[in-house]
**Student:** 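Take a look at the following structure, please.
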Amino acid sequence: MIIVMKPGATREQIEAVSERLVELGFKTHPIYGQEKTVIGAIGDKKALSSEAIINLPGVEKIVPIMKPYKLVSRELKETPTLVRVGGVPVGGRGLVVMAGPCAVESEEQLLATAQAVKAAGAQILRGGAFKPRTSPYAFQGLEEEGLKMLSRVREEVGLPFVTEAVDTRDVSLVAEYADAIQIGARNMQNFRLLKEAGATGKPILLKRGLAATVEEWLMAAEYILDSGNANVILCERGIRTFETATRFTLDLAAVAVVKENSHLPVVVDPSHGTGSWRLVLPMARAAVAAGADGLLIEVHPDPARALCDGPQSLHPETFDRLMGELAPVALAVGRGLAPAGSLLVKGSLPAGAAGN
C-alpha cells in the first residue's frame, strides 16, 4: 500500500509513520517528491488497521497497490526513475546508446571498439567478460582478465561500462570493476542472483527472459528493488516464439506496456532481438519511436572473426550510420541523443579497480 503524506509534512512526521509501519512488520520505501512524500509499505495488509496509520500526524490517505509488483509500479511512483551509469543518466529526455562487443576478446579489440563507438556518439560501453553460452564448448569469456581490460579501456577512452554477472559467486568481483551489472535473459528468474546483484547498490541492467511475460519481468525487477536498490534498467531483447525468420521476436509493444505500468527506464537490444546485423538498424529506429530510453547494440571491429554473436554485430562504420539515423527519429518523438564525449574523469574508477 501507499501512505500519502500531506503537503508540508515534516521529516519527523514521515519518520514516525515509517517507524510505526516497521513495528507492524512492513518494509518501508519513502519517496520524497517536490510537493508530497509517499511511503511504500510492503507487507501483510491483514496486520494493519487503517486507523493505526491514518490518524498519525501528517498522513493524508492510504492507497492500496493493486499490481502484484509493488515497488516498480507507477502506482507507487508516478514520475520516471532516472538511473545514472557512471554519470550517464538513463531514463531522461536524452536517448542513451550502450555499444560494444558481445564478448571481450582482447584489449586491442576492445579499445578499437570503444574508440569507434564513442566517436559515433555512444555514451556507455558494453562488453562481456563472463559469457553464458548454450554450448559448454563455446567461448566462455576472459572473466577477471576481461574485467581488467574493460577497466583499463574505460580509463583510456572515458566511457563507463556495463558487463554481465552470471553467478552469485562472481557478483562482488564484477561490482568491483563495473559501472553497471547486467543480468542476462537466462538469469532473469535466478532470484538469488538478483538479490546478490541488487545488494551491491550498482545500477542493474535486467534483460527480459526468453519466454517471460512482462509481469514476470517486472516481478524479477521487484526482487532487486526489494533488496534496497532502485537503480534498475529494464532491457527488452526479444522472446522465443514460433517465428524462425529472426533469432527471437523483438517485442516492442513491451516497451509501451512497461512505460504504462512501471516508473523504471527501459532500453531495447535489437542485436539479440533479431540475430542479424541487417535488421538492427530498422529495429533500433523502431525502438526509439516506441519510446525506449536507450539501446544496447553489439559492435565489433571484425564481425566475421568475432568469437561470439558475429552475425548480429555491427561494423563500426555501420554503427556510425545507425547513430546518424537515430537523431531525427528521436527528435520526432520529443527526445534527443544524450551528449557523448568524455563522461568519466581519468582516475575515477570504482573502489578496488585502480591499478589492475
**Student:** With Arg11 as the cation and Tyr32 as the aromatic partner, state whether NZ or CZ is under 6.0 Å from the six-membered ring centre and within 45° of the axis.
**Tutor:** yes
**Student:** Is Leu82 isolated, or which residues cluster with it under the ILVMFWY side-chain rule of less than 4.5 Å, directly or via members?
**Tutor:** none
**Student:** Does either side chain, that of Asp309 or that of His300, offer a donor lying less than 3.5 Å from an acceptor on the other one?
**Tutor:** no
**Student:** Between the side chain of Lys70 and the main-chain N/O of Ile42, is any donor-acceptor distance below 3.5 Å?
**Tutor:** no
**Student:** Look only at the side chain of Arg74 and the backbone of Lys259, and say whether a donor-acceptor pair between them is shorter than 3.5 Å.
**Tutor:** yes
**Student:** How about Val232 and Thr81: do any of their side-chain heavy atoms sit closer than 4.5 Å?
**Tutor:** no
**Student:** Looking at side-chain heavy atoms only, is the closest gap between Asp293 and Val96 below 4.5 Å?
**Tutor:** no
**Student:** Output all residues satisfying side-chain hydrogen bond (donor to acceptor under 3.5 Å, both in side chains) with Lys6, sequence neighbours left out; order by chain, then residue number.
**Tutor:** none
**Student:** Report the distance from atom CG of Leu56 to atom CD1 of Ile3, rounding to the nearest 0.5 Å.
**Tutor:** 9.0 Å
**Student:** Would you mind reporting whether Val63 and Glu75 have side-chain heavy atoms less than 4.5 Å apart?
**Tutor:** no
**Student:** Going from CD1 on Ile183 to CD1 on Ile204, what distance comes out if it is rounded to the nearest 0.5 angstrom?
**Tutor:** 5.5 Å
**Student:** For the pair Phe319 and Val280, evaluate side chain to side chain contact (heavy atoms under 4.5 Å, CB included) and give the outcome as yes or no after the intermediate values.
**Tutor:** CA-CA 10 Å; Phe319 178 73; Val280 170; over 6 Å; no
**Student:** Can you tell me if Thr168 uses its side chain to pair, donor with acceptor, with the backbone of Leu193 under 3.5 Å?
**Tutor:** no
**Student:** Under 4.5 Å between any side-chain heavy atoms of Val258 and Glu236, yes or no?
**Tutor:** no
**Student:** Return the CE to CZ distance between Met188 and Arg237, rounded to the nearest 0.5 Å.
**Tutor:** 11.0 Å
**Student:** So, are Arg192 and Glu196 salt-bridged, with charged N and O less than 4.0 Å apart?
**Tutor:** no
**Student:** Return yes when atom CD of Glu260 has more than 12 non-hydrogen atoms of other residues, nucleotides or ligands closer than 6.0 Å, and no otherwise.
**Tutor:** no
**Student:** Using 0.5 Å steps for rounding, measure from the CZ atom of Arg20 to the CD1 atom of Ile53.
**Tutor:** 6.5 Å
**Student:** So how far is it from Glu243 CD to Leu250 CG, rounded to the nearest 0.5 Å?
**Tutor:** 13.0 Å
**Student:** Is there a side-chain contact between Phe130 and Leu173 (heavy atoms, below 4.5 Å)?
**Tutor:** yes
**Student:** Check this for me: does any side-chain nitrogen of one of Arg126 and Glu298 sit under 4.0 Å from a carboxylate oxygen of the other?
**Tutor:** yes
**Student:** Find out if a path of hydrophobic residues (ILVMFWY) with successive side-chain heavy-atom gaps under 4.5 Å connects Ile239 to Leu234.
**Tutor:** no
**Student:** With heavy-atom distances below 4.5 Å as the criterion, would you say the side chains of Val299 and Pro316 are in contact?
**Tutor:** yes
**Student:** Could you pull out all residues at least two apart from Lys36 that satisfy side-chain hydrogen bond (donor to acceptor under 3.5 Å, both in side chains)?
**Tutor:** Glu60
**Student:** Determine whether Leu194 and Leu206 make a side-chain contact, defined as any pair of heavy atoms from C-beta on separated by less than 4.5 Å.
**Tutor:** yes
**Student:** When rounded to the nearest 0.5 angstrom, what distance separates CZ in Arg278 from OG in Ser276?
**Tutor:** 6.0 Å
**Student:** Check whether more than 12 heavy atoms from other residues, nucleotides or ligands sit under 6.0 Å from atom CD of Glu317, and answer yes or no.
**Tutor:** no
**Student:** Tell me, do Arg321 and Glu325 make a side-chain contact under 4.5 Å, heavy atoms counted?
**Tutor:** yes
**Student:** Under 6.0 Å from the CD atom of Glu78, do we count more than 12 heavy atoms belonging to anything else shown?
**Tutor:** no
**Student:** Out of Glu156, Met149, Glu155, which residue meets the side chain to side chain contact (heavy atoms under 4.5 Å, CB included) rule with Arg152?
**Tutor:** Met149
**Student:** Counting N and O atoms only, with roles assigned by atom type, does the side chain of Arg154 sit under 3.5 Å from a partner on the main chain of Leu159, one being a donor and the other an acceptor?
**Tutor:** no
